Engineer: 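Dumping the structure here so I can ask a few things about it.
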Amino acid sequence: MPNLIVAKFGGSSVADYAAMSRCANIVINQPAIRVVVVSACSGVTNLLVDITQFSSVEARLSAFRGIEDITFAIIAKLQQIELISQQVNTLLAQLKAIITQPEHKFTAAEKDEILSFGERLSSCLFSQVLLEKAISACCFDVRQVMHTDSHFGKAEPNISQIKLACSEKLTPLLSQSIVVTQGFVGANALNQTTTLGRGGSDYSAALLAEALNADIVQIWTDVIGIYTTDPRLTEQARCIKEISFDEAAEMATFGARVIHPATLLPAIRQNIAVFVGSSREPESGGTWIAKDVADRPAYRAIALRRSQTLITLKSPEMLHAAGFLTRIFDILSRHDISVDLVTTSEISVALTLDQGGMTTAFSSDIDAALTELSRFCDVSVERGLSLIAVIGNHLHSSQGVTGELFSTLEKINMRLICHGASKHNLCFLVQDAEAVTVIKQLHQSLFAA
Ligand code: ADP
Ligand code: ASP
Ligand code: MG
């Protein structure tokens with residue numbers, strides 16, 4: 001029997017009162033769940049991101065009203081609304097005060113403050129749903145324990161500080177009540193609010209599980225586990241019952257948004273089993289992610305990341321010149337741009353940047369980096385590409401497997417291919433418009449046995 005489970009409910013799982021109520025039943029049915037991490041109600045973070053981007057107060061207020069509607073619809077279904085209305089109205093008033101400053105361009109710190117309101121509202125509402133089901137629950141401000149650096153939009157957690165703060169401030173509460181807290185949100189050393197990057201609530205749950213020595217992290221979402229590919233792309237996708245940490249980490253990194261890419265880091269460090277299931281159908285089981293799994297097939301899954309940008313940098317200077325790549329990566333790093341795939345030839349380098357991804361809430365300044373790069377090499381930019389990754393085991397060394405894979409890929413019109421750096425993946429780029437067809441073909445060849 002597990003002693004302590006941290007359960008995380010994603011945006012669609014807490015989208016409205018009925019969804020929250022289903023999640024509350026999951027919590028009630030498992031006494032080991034003592035910590036509940038919630039995302040913002042579905043759609044709310046997107047509205048908050050819009051607010052940070054709008055310059056007109058009118059447009060910001062219109063998005064704000066969208067958030068009010070979602071929030072008040074949940075309150076309308078509650079029984080004891082006095083205290084909760086007060087708490088919610090205080091939060092909404094704080095948000096409104098920030099976003100109604102005219103002619104104001106938000107700083108990165110203010111943007112994170114704004115984004116945090118989604119989870120602050122949903123956690124408040126969810127603890128009330130639990131209370132109304134006669135469960136002792138409290139809403140805990142995660143900023144007391146989720147210590148991060150000051151990289152707003154994609155803050156790095158400070159593992160040792162989180163552990164210390166959790167044992168001082170969170171553990172003592174667990175014997176008295178279920179603690180409901182916010183995913184995605186943290187605070188820096190100056191107590192300014194930070195966020196962990198889009199989709200970061202999964203990561204928050206895993207970080208808290210690590211700090212609290214939990215046995216299991218449960219990720220409750222809108223699909224009944226991790227599939228061989230995004231089930232929205234092909235009806236042939238199959239749910240995987242058991243998958244290793246490293247395979248799941250590769251899937252997440254290459255776009256399987258069912259879990260945030262960093263989620264498995266704390267789980268691996270502390271050997272905590274991760275469960276992914278559907279809050280709509282908890283009885284349907286789900287996927288277990290663990291260190292040791294019985295089956296390690298050559299092909300495990302196919303992941304897709306759309307809206308990739310391919311940059312090709314060309315310069316005769318690169319021929320035999322040491323330090324050319326260093327120069328390029330130095331510029332990209334100064335502009336906070338992370339690179340995914342890299343291939344090189346004698347005088348050129350091609351690299352992909354993830355532009356539509358779930359890493360940070362704010363986009364990096366690519367144009368400024370490109371201007372700097374164009375001072376010493378020819379720069380060409382292609383957008384509208386999709387990165388497809390085949391994830392599996394020993395893809396780098398097994399001759400038969402690689403041969404089979406390449407013959408499947410033969411018919412695909414691809415722009416770039418990367419293979420060999422990891423034994424767990426083979427990645428390539430295709431045009432966005434062709435991606436789904438390619439995934440369907442590939443899935444049929446690799447998994448339809
Ligand atoms: P939540 O709001 O619960 O965090 P997300 O939308 O972030 O949920 O993640 C769930 C979604 O991930 C699913 O609806 C599905 O479309 C998508 N997804 C992508 N790849 C996979 C995969 N391999 N298996 C399952 N779901 C996947
Ligand atoms: N609410 C945040 C987002 O939409 C974090 C999360 O849901 O995991 O990105
Ligand atoms: Mg998610």
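Since the model is a prediction, treat every value here as computed from it, not as a measurement. Remember, it's 1-based here, ligands and their atoms both numbered in the order they're listed. In this chain, residues are counted from 1 in sequence order.
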Engineer: Ligand 1 and R257, any nitrogen or oxygen pair closer than 3.5 angstrom?
Structural biologist: yes
Engineer: Determine, for R415 against E382, whether the closest basic-nitrogen to carboxylate-oxygen distance falls under 4.0 angstrom.
Structural biologist: yes
Engineer: Can you see which heavy atom on M251 is nearest to which on A303, and at what distance?
Structural biologist: O-CB, 4.0 Å
Engineer: Of all the atoms in ligand 1, which lie at a distance below 4.0 Å from a heavy atom belonging to D222?
Structural biologist: 10 (C), 11 (C), 13 (C), 14 (O)
Engineer: Taking atom types as modelled and ignoring hydrogens, do the side chains of S160 and N158 form a donor-acceptor contact shorter than 3.5 angstrom?
Structural biologist: yes
Engineer: Closest non-hydrogen protein atom to atom 6 (C) of ligand 2, residue and atom name please, with distance?
Structural biologist: S201 OG, 3.3 Å
Engineer: Closer than 4.0 angstrom: is that true for some heavy atom of G200 and an atom of ligand 2?
Structural biologist: yes
Engineer: Report the nearest protein non-hydrogen atom to atom 4 (O) of ligand 2: residue, atom name, distance rounded to 0.1 Å.
Structural biologist: R198 NH2, 3.0 Å
Engineer: How far is atom 2 (C) of ligand 2 from its nearest protein heavy atom, and which residue and atom name does that atom have?
Structural biologist: E119 OE2, 3.4 Å
Engineer: May I ask you to identify, for T229, whether its side chain, its backbone, both or neither come under 4.0 Å of ligand 1 on a heavy-atom basis?
Structural biologist: backbone
Engineer: Using a heavy-atom cut-off of under 4.0 Å, does the side chain or the backbone of R238 touch ligand 1, or both, or neither?
Structural biologist: neither
Engineer: Determine whether the side chains of E113 and Q192 contain a donor N or O and an acceptor N or O closer than 3.5 Å.
Structural biologist: no
Engineer: Among the heavy atoms of G225, does any lie under 4.0 Å from an atom of ligand 1?
Structural biologist: yes
Engineer: Heavy atom to atom 8 (O) of ligand 1, shortest distance: which of T221, I219, D202 holds it?
Structural biologist: T221
Engineer: For atom 7 (O) of ligand 2, what's the nearest protein heavy-atom neighbour? Residue, atom name and distance, please.
Structural biologist: S39 OG, 3.0 Å
Engineer: State, without any angle test, whether S407 and E410 hold a side-chain donor-acceptor pair at a distance under 3.5 Å.
Structural biologist: no
Engineer: Answer yes when D432 and R305 have at least one side-chain N-carboxylate O distance shorter than 4.0 Å, and no when they do not.
Structural biologist: no
Engineer: Please say whether P231 places an N or O atom under 3.5 Å from an N or O atom belonging to ligand 1.
Structural biologist: no
Engineer: Any salt bridge linking D112 with K154? Criterion: basic side-chain nitrogen under 4.0 Å from a carboxylate oxygen.
Structural biologist: no
Engineer: Output the list of atoms in ligand 1 that are nearer than 4.0 Å to some heavy atom of R232, sorted by atom number.
Structural biologist: 13 (C), 14 (O), 15 (C), 16 (O)
Engineer: Indicate whether the side chain of Q94 and that of R120 have a donor and an acceptor atom separated by less than 3.5 Å.
Structural biologist: yes
Engineer: For ligand 1 and T228, I'd like to know whether there is a polar contact (N/O to N/O, distance under 3.5 Å).
Structural biologist: no
Engineer: Does G199 reach ligand 2, in the sense of a heavy atom lying below 4.0 Å from it?
Structural biologist: yes
Engineer: Tell me which part of D230 gets within contact of ligand 1: side chain, backbone, both or neither, using heavy atoms under 4.0 Å.
Structural biologist: both
Engineer: Is a side-chain donor-acceptor pair under 3.5 Å present for S21 with K133?
Structural biologist: yes
Engineer: State the atoms of ligand 1, each with its element, that fall below the 4.0 Å cut-off from a heavy-atom position in I226.
Structural biologist: 24 (N)
Engineer: Are the aromatic ring centres of F9 and F126 under 6.0 angstrom apart?
Structural biologist: yes
Engineer: Show me which atoms of ligand 1 lie under 4.0 Å from any heavy atom of M251.
Structural biologist: 23 (N)
Engineer: Is D222 paired with R280 through a side-chain N to carboxylate O contact shorter than 4.0 Å?
Structural biologist: no
